[in-house]
Structures are given as structure tokens and as C-alpha cells.
Amino acid sequence: MAQISMLVVMVAALMIPLFMARFKINGIPTAVAEIVVGIILGKTGFGFVTTTADLTFLSSLGVIVLIFLSGMEINFDLFVQKPRPKQDGTTERSPVFMAGVGFAGVVVTALILGVALKFFGLFSDVMLATILFSTVALGVVIAALTEQELLSKPLGQTILLTAALGEIVPLLALTVYSTINGGHAARIWLVLLIFVAAIILLRRFKSIYRFFARIDKSTTQLDIRLAFFLIFVLVTIAENVGAENILGAFLAGIVMKLLRPSEVTRDKLTSIGYGFFIPIFFIMTGAKLNLRTMMGNPQALMLIPVFFLCFVLAKVVPYVIYHQRFNARNSAAGAVLASTTITLVIPTLTIARNLNAITADQSGAFTLAAVLSCVLAPIVFNKLYQPQPEDEVKTRVVFVGANILTVPVAQQLAKGLYDITMVTDSEKNFRTYNSQVNVKLLSTLDEDALVSAGAFDADIMVLGYMDADRNYRIARMAVDHQVPRVVARFETREAGNERIEELAADGVELFNTFTVNVSLLRGMIESPSTLKLLTDTEAGLYEVEVHNHRYTGKTLQSLPDIGAITVSRIYRNGNFVAPHGDTLIEPNDHLIFTGSKDAARALRSELGARN
């Protein structure tokens, strides 16, 4: 019978996504479908699946891998991004601020709801109720945001951060709850050892990980071995200090994320998790539920809509916070999506059952309420959300120096997908060019003045002064402030070869007009058509870096509106690849193509979206 149950689960895991694709069931997350199928196959339904030792082990490993992958989804860059100034001179609410305040409101509301349930005699454990109502299903939220291509946009970043807090904070609270209720309150300080171990592992493997990339091969898969090493080390430590294993798994995911694995590594880990372990966990979750017992208990049935309503009401405050920046419809859509919960609810209920803090009927009611939230919330979100101009994030380019070289370039870029700012300390140049492009006049170009002007809050900084010493000094500041791209002008060798090589080693892109002019003249002689293409105002040569996972692993010929562009080269891992129609697109490929400005804008928006 044990082998039959395993076979049934494997068949179900294979057939569920095929069935959903065949009948175009897109509004329901796969995880929810797996739980529903588990209910049909398990105790409630036909009884084809029973709880065996092997399935219990694989299910436990599934939740650990699920929480590990959730830790890898945290985008720490969002926490250090600074809010950008608005056109009226004020500063817009940053995603970090809105998510932080919004989730604080979620915790307070969840606490009030927990107290209310205890007052009416429906559920007595206030702390457990607060933890459950505060949770957000990060994986489901990411899937919904990815479908709408919102992850790289302000609204998507805000919802994503809210969801991340909805996993991190309840997970830490659950650790404290289980430690205290498990009779290990005196050992609660030992939980800090997990964080210490995570920091040591991160520091130890930061340099080694680069070495792994050089010696790795298909038969060793060192990156995957390292991932599971981190999981089992931190899970083992967590269990031995009295904490929950999912905290160790979550920290392992964060460590792996901070090691900056390649997109290929992330895809392999996701494939292993969602291809095998995680479906078993969700199917077995449904299989273990006994709804027949709940159906005979009117109080248990009444708890399902009550708990579902609490999951929704706990996320009302984010709507108020989101509405400070976004319109009412999209703010409501974001708050509804934040009410999605399942990932952490089930492990929490398992822990509560082990501690005898909750009955089987109450656990089942919480589970079904969470399943309802996962079914309904993404559907309502897709119905409510409407793309807005505010969602189109332009690449911010800051020019330092307003002169005859930089101003025309800024004017041309401002017509496309670029937000242009120019700063100068020359009052004469400010008066000359301010009417032609957005120029800020600064009394000095020292670090404090540039920081106050928001010059380093850029995607690209261009240093256009003739003065090599000044460009070198500001370039060093830009590198220290971690500006993603710095383009610096050096007309002569006055700055010294060592300083130029130093900037180049730090990733600064260097140019001088003499070399550019020589290249253009040579182009006019050798490739006049190519030069015309480069200087054409209607069509041109463009480049886009592929971040949208929807297109990685697909062929060039499957790109949207491929007939409107011509891909001439693919820049991949430092080498140029000649493209063909059946060439597979890989993460972070740079596609170099020709086409109209409209086609280029559409392709950049589609492929460049960070999912």
C-alpha cells in the first residue's frame, strides 16, 4: 500500500499542471490545485493516498525546500534603494517605507482580530492567531506579480516587500512561540546561534563560491551541493537549539541569495524544488485533511468563513498606505494580493498541532480558509489591477557637466525610456542650457552637494567634464555609492595610466571624443550603411539585457513581434554569439538588434522586466 500511495502522489504531481494547462486554468495557483487534489485523493475523498513514512519524509523535505526558495526570493537591493524625487520637488514614498508601515498595521490588526476571537470564544490562542493572520504567501505573490510583469515596478516592489515581511516576521515570531510553548524558554537565546552560523557560512563561502564556478562541471553540480549543504547545516542547528527547522531553511535561502548565484543555479534549484519535493508537500497537506469530520461539526464549519474573513481584514491597512502613492483600484488590488496566505500557514499549523495548541478541526478550518485566500485573492487581484503610467520605470541617467557634448545626448535620450537629470557648477552653462534640458545648478560638486542633489541615485552616471581630475574624483565617489554604471570622459592621459586602469578595474566605462571621432570616420569609409543605421533618428541599433524569466530557455523566434526587429548579435558571458531562429535565450543575455524606436521600446519593456 505504501508503494501505491507513492505512485498515486507521483502521478498526481505530473498530471495537475498538465490538466491546468489543457483546460487553461490560470487563475488558481498550482499549490492550491495540489492541495485540492490531495483532499480528493486522501482521507476526505477516495482514500487512495495514506500517510506513509516515505511520504512523510518527502513532505517534510518539501516544506524545507519551499521555505529555502522563499528565502532566495528576498530582493535585498530593494531595502537599500533610496526614494526618487518627484517633479514637484517632493520625495515620493519609497516601497520600503510603505511596506514597513503597511505590515506594521497588519500585525496590529492581526493582534486585534486574535483578541476578538478569544473574546467570542472562537479561538483562545491570541499569539498563534496573530502569527497566522500576519502571514503572506510570498511564492504566490511573486507568481501573480510575475504574470503582470510588476516585480520591477514601484507597485510590485511594494507588494513584494510586504509579502517578504509577511514571511520573515511571522517566521521569527513562530520560532519564539514554539520555543516558549515547547518548554524551552530558558534556551531561547540559543536561537541566535542559527544567525551566527548563517553569517559564518556566508563569509566562509563568499570567496569559495567564485572558485566553485570555475571548477564546476555537469557531473559535480557544486552549486546545488552547496545549496543542500547550507540547508541541512542550518536546519540541523535550528533543531538542536530548540528552534523550528523552517527557520534554518529560510536562513539558508538568504545565505544562498547573498552569495549571488547565477540565474542558471536559481533555475536548477527551482526545478528540483517545484519539480519534485514541493508538490509532494502540498498534495500530502490535502491528503491529511479529514473534511468529513469537519462537516459533522457545525462549529468547525463556522470557523472557516470567520478565519477567511480575518485573513482578509488583517490586510486592510496596506490599502490605506498604498493609496498614498497609487490609485485606489491598484491599491485595493495590492492589499487583496497581500491577503494571500498558505506557505507559512501549514507549517505553523503543523507545529501548533505538535504542541497541542490547536485542535484538528481548528487546524483544518485554518487550512481551508488559507486555501480560499489563495484561490480568490489572485483572481480578484488580476481583475482589479490596471497598468498605470506610474508603473513604467524609466532608466535614470544623471549627467555631471552641462556642455556641448552632453546636452544634445541628454535631449535625445529624454525622448525615450530615460529619465534625465543634469548637474553643473557653472552658472554660465546653467543659463545657456537650462531651457533645453533639466539642469540643476550646484555651488560645488563635492560629495555632500551631489548626495543632496540625488546625483548618485541613478542607474547611469555620465561624467562629461574636460577636467580629468574632476571626472576621476567624482567617478570614485560614484563607485563608492554603488552607482550601477558610470561612464567617464578622459580626453588625455593627464590623469595618469594607473588611475585610468584603476577606474576600468572598478567597472567604470571610459571614453574620449578623439577615439570616438576616429571610429566614426573609419565607419563612414568602411561601413557607411552601418553608420547611417547608428545615426538614424527613426530606426537604430539597440541593446536589451534579458531579465524576464518568461523568455529564458525559449528560442529567438518565439520573441514577441520578432518580425519587427533583427537580432544581429547576442553578448553572453563576455563573448558574442551568432544568433539563429532556434537559438535559446539565456538569463542576462544582451540582445543587440535593429528596429524602430517603438519596437525597441516594446522589446526593452518586455525582456528587461525583472521577474
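Everything numeric in this text was worked out from a predicted model, so none of it was measured. Along the sequence shown, the residues carry numbers beginning at 1. Because only heavy atoms are used, hydrogens play no part in the values below, and waters and symmetry mates are left out as well, while side chains stay in.
Considering every non-hydrogen atom in both Lys257 and Gly71, the closest pair reads CB-O, 4.3 Å. Shortest non-hydrogen contact noted between Gly248 and Ile194 is CA-CG2, 4.4 Å. Between Val486 and Ala478 the shortest heavy-atom distance is CG2-CB, 3.7 Å. Residues Gly253 and Met72 share a closest heavy-atom pair of O-CG, 3.3 Å. Heavy atoms only, all atoms of each residue included: Phe366 and Val345 are closest at O-CG1, 4.5 Å. Heavy atoms only, all atoms of each residue included: Ile224 and Thr265 are closest at CD1-O, 4.3 Å.
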Between Ile246 and Leu174, is a side chain to side chain contact (heavy atoms under 4.5 Å, CB included) present by the stated rule, with each step listed?
CA-CA 10 Å; Ile246 55 176; Leu174 178 61; 3.9 Å; yes

Test ring pair (Phe, Tyr, Trp, His ring centres under 6.0 Å) on Phe205 and Phe229; report intermediate values, then the result.
CA-CA 12 Å; Phe205 283 99; Phe229 168 78; 5.8 Å; yes

Between Phe68 and Leu269, is the side chain to side chain contact (heavy atoms under 4.5 Å, CB included) condition met? List the steps.
CA-CA 10 Å; Phe68 169 79; Leu269 288 169; 4.1 Å; yes

Criterion side chain to side chain contact (heavy atoms under 4.5 Å, CB included) on Val136 and Val106, from CA distance to verdict
CA-CA 10 Å; Val136 183; Val106 169; over 6 Å; no

Begin with the C-alpha distance, continue with both residues' side-chain angles, and end with the deciding distance and a verdict on side chain to side chain contact (heavy atoms under 4.5 Å, CB included) for Met10 and Ile280.
CA-CA 8 Å; Met10 291 295 102; Ile280 295 175; 3.3 Å; yes

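Taking 4.5 Å as the limit, every side-chain heavy atom of Ile460 sits out of range of all side-chain heavy atoms of Val398. Considering only heavy atoms from C-beta on, Leu368 comes within 4.5 Å of Ile39 through its side chain. Within the 4.5 Å cutoff, no side-chain heavy atoms of Val235 are placed close to those of Phe232. Ile35 is listed as a side-chain neighbour of Ile346, based on a closest heavy-atom distance under 4.5 Å. In this structure the side chain of Ile64 never reaches within 4.5 angstrom of the side chain of Phe277, judged on heavy atoms. Annotation: side chain of Leu559 is in contact with side chain of Leu591 (closest heavy-atom distance under 4.5 Å). Inter-residue side-chain proximity for Leu226 and Leu259 is flagged as met; some heavy-atom pair is nearer than 4.5 Å. No side-chain heavy atom of Leu202 sits under 4.5 Å from any side-chain heavy atom of Ile254.
The CG atom of Leu251 sits 11.0 Å away from atom CG of Leu230, with the distance rounded to the nearest 0.5 Å. The structure places CZ of Phe326 at 4.0 Å from OG1 of Thr158, a figure rounded to the nearest 0.5 Å. Between the CD atom of Gln157 and the CG atom of Leu145 there is a distance of 10.5 Å, given to the nearest 0.5 Å. Note that OG1 of Thr350 is 6.5 Å distant from NZ of Lys288, once rounded to the nearest 0.5 Å. Here CG of Asp54 is found 4.5 Å from CE of Met6. Values are rounded to the nearest 0.5 Å. One finds the CE atom of Met98 at 9.5 Å from the CG atom of Leu161 (value rounded to the nearest 0.5 Å).
No hydrogens or angles considered: nothing links the side chains of Ser373 and Thr341 as a donor-acceptor pair under 3.5 Å. Using modelled atom types, one finds no donor on one side chain facing an acceptor on the other under 3.5 Å when comparing Thr30 with Tyr274.
Below 30°, between 30° and 60°, or above 60°: for Phe381 and Tyr385 the angle between ring planes is below 30°, a parallel geometry.
The neighbour count for Phe456 CZ, taken as heavy atoms of other residues, nucleotides or ligands under 6.0 Å away, is above 12.
Under the side-chain contact (heavy atoms from CB on, under 4.5 Å) criterion, Leu172 pairs with Ile168, Phe195, Leu247, sequence neighbours left out. With sequence neighbours excluded, the residues forming a ring pair (Phe, Tyr, Trp, His ring centres under 6.0 Å) with Phe311 are Phe133, listed by chain and number. Listed by chain and number, the residues in a ring pair (Phe, Tyr, Trp, His ring centres under 6.0 Å) with Phe276 amount to none (sequence neighbours excluded). Looking at residues two or more places apart in sequence or on another chain, you find a side-chain contact (heavy atoms from CB on, under 4.5 Å) between Thr583 and Leu556, Ile570, Arg572, His580. Leu193 pairs by the side-chain contact (heavy atoms from CB on, under 4.5 Å) definition with Leu190, Val241, not counting sequence neighbours. Checked against side-chain contact (heavy atoms from CB on, under 4.5 Å), Val37 has the following partners two or more places apart in sequence or in another chain: Ala12, Ile16, Leu41.
Listed for the Arg329 side chain is a donor-acceptor partner under 3.5 Å among the backbone atoms of Leu384. Without hydrogens or angle criteria, Asn330 side chain to Gln386 main chain gives a donor-acceptor distance under 3.5 Å. The main-chain N or O of Lys315 is never found under 3.5 Å from a side-chain atom of Ser339 such that the two would form a donor-acceptor pair.
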